[in-house]
Amino acid sequence: MKSYSADIKDIFGDVEPRHILSLSGGKDSAALAIYLRDRVPTIEYIFHDTDKELPETYDYIARLEAILGKPIVRTTPADSFDHWLAVYRGMLPSNHRRWCTRMLKLKPFETYVGDGPVINYVGLRADENRTGYISTKSNILAVYPFQDDGLVRSDIIQILEDSGLGLPPYMDWGRSRSGCYFCFYQQKIEWVRLLETHPDLYELAMEYEERSVQFGEQFYWCQSESLRQLREPDRVEKIKSDWEKAQARKRAKRTNRSLIETLGGLEVEDDAHLRDGCLVCSI
Ligand code: SF4
């Protein structure tokens with residue numbers, strides 16, 4: 001692994017920084033945790049639990065913890081999503097008003113980190129073109145071991161398979177990313193899959209949406225239609241068939257896929273929405 005000692009000395013002098021990795025419940029941060037386990041023995045693992053995660057995410061984090069052999073600190077914020085929703089006067093979060101990330105992910109991260117020098121390990125891969133959360137705090141240096149060491153998606157899947165952890169279990173039913181069950185970055189097909197896999201969570205997401213009317217706005221998690229409309233059988237069938245057609249077009253364009261990419265469910269993850277989503281929640 002690339003040595004960061006020169007950068008650390010430049011920035012922090014002789015003060016030894018803490019080494020911290022935030023886990024989202026996604027595959028890349030999980031793979032990075034395993035990658036760093038023996039390379040950075042003093043690393044601290046943390047998980048910013050919004051209390052609205054998928055049950056599969058909690059299960060994945062627990063299994064990862066067993067594989068790592070050290071605790072993953074849950075930084076569950078003292079004030080819950082519902083508390084902040086009340087503070088924001090019932091205004092549900094969206095792409096343009098992402099108070100959820102700020103209050104439930106970034107703030108707990110910065111509180112946990114404190115003011116001392118910290119190296120923050122970020123699981124961005126060498127084959128993706130996203131930018132990570134970079135704290136504006138001057139005591140935090142973000143580093144990208146997968147990018148610096150040239151590791152791509154197939155390497156990440158290999159790390160997860162070799163460790164016995166595998167891919168996050170929500171990918172089995174077609175959810176592409178970790179994060180809150182009602183996350184507004186979901187595609188319509190993922191809402192359909194949430195409906196089919198966790199109808200209780202779909203119902204809760206719909207209740208949030210319908211309560212928002214009391215606060216003077218008509219809010220839809222997926223922008224153009226309500227979850228009540230989306231769950232109508234005809235609509236569900238249309239979303240599924242549109243998605244199948246789009247995948248067929250992509251498959252026709254794509255050649256030379258490796259077996260590992262095929263097994264890893266590239267169809268879902270390759271979509272552009274992932275590049276635009278909230279990194280701290282999903283990496
Ligand atoms: S997963 Fe989505 S809804 Fe949850 S905190 Fe992140 S951006 Fe907000």
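Whatever order the structure lists ligands and atoms in, that order sets their numbers, starting from 1. What you are looking at is a predicted structure, and each value in this text was computed from that prediction instead of being measured.
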Query raised in the report: By side-chain contact (heavy atoms from CB on, under 4.5 Å), which residues pair with Tyr208, not counting sequence neighbours?
Result: Lys52, Phe81, Asp82, Leu85, Leu92, Tyr181, Phe182, Arg211, Trp221
Query raised in the report: Under 4.0 Å from any heavy atom of Gly179, which atoms of ligand 1 are there?
Result: 1 (S)
Query raised in the report: Within Cys180, is some N, O or S atom less than 2.8 Å away from atom 2 (Fe) of ligand 1?
Result: no
Requested in this report: Give a yes/no verdict on a cation-pi contact between Arg231 and Trp191, requiring under 6.0 Å between NZ or CZ and the six-membered ring centre and an angle within 45° of the axis.
Outcome: no
Query raised in the report: Do any pairs count as a salt bridge (charged side-chain N to carboxylate O under 4.0 Å, His left out) and have a residue in residues 59-69, sequence neighbours left out, and if so which ones?
Result: Asp59-Arg63, Glu65-Arg74
Query raised in the report: Does some non-hydrogen atom of Leu104 fall short of 4.0 Å from ligand 1?
Result: no
Query raised in the report: Tyr35 ring centre to Arg39 NZ or CZ under 6.0 Å, with the angle to the axis within 45°?
Result: yes
Report task. Please confirm whether Phe184 comes under 4.0 Å of ligand 1, counting heavy atoms of the residue only. Result -> yes
Report task. Examine Arg18 relative to Tyr112 and say whether NZ or CZ is less than 6.0 Å from the centre of the six-membered ring and inside a 45° cone about the ring axis. Result -> yes
Query raised in the report: If hydrogens are left out, which of Thr101, Leu54, Thr50 has an atom nearest to atom 7 (S) of ligand 1, that is, the closest non-hydrogen atom?
Result: Thr101
Query raised in the report: Got a sec: is Cys100 within less than 2.8 Å of atom 8 (Fe) of ligand 1 via an N/O/S atom?
Result: yes
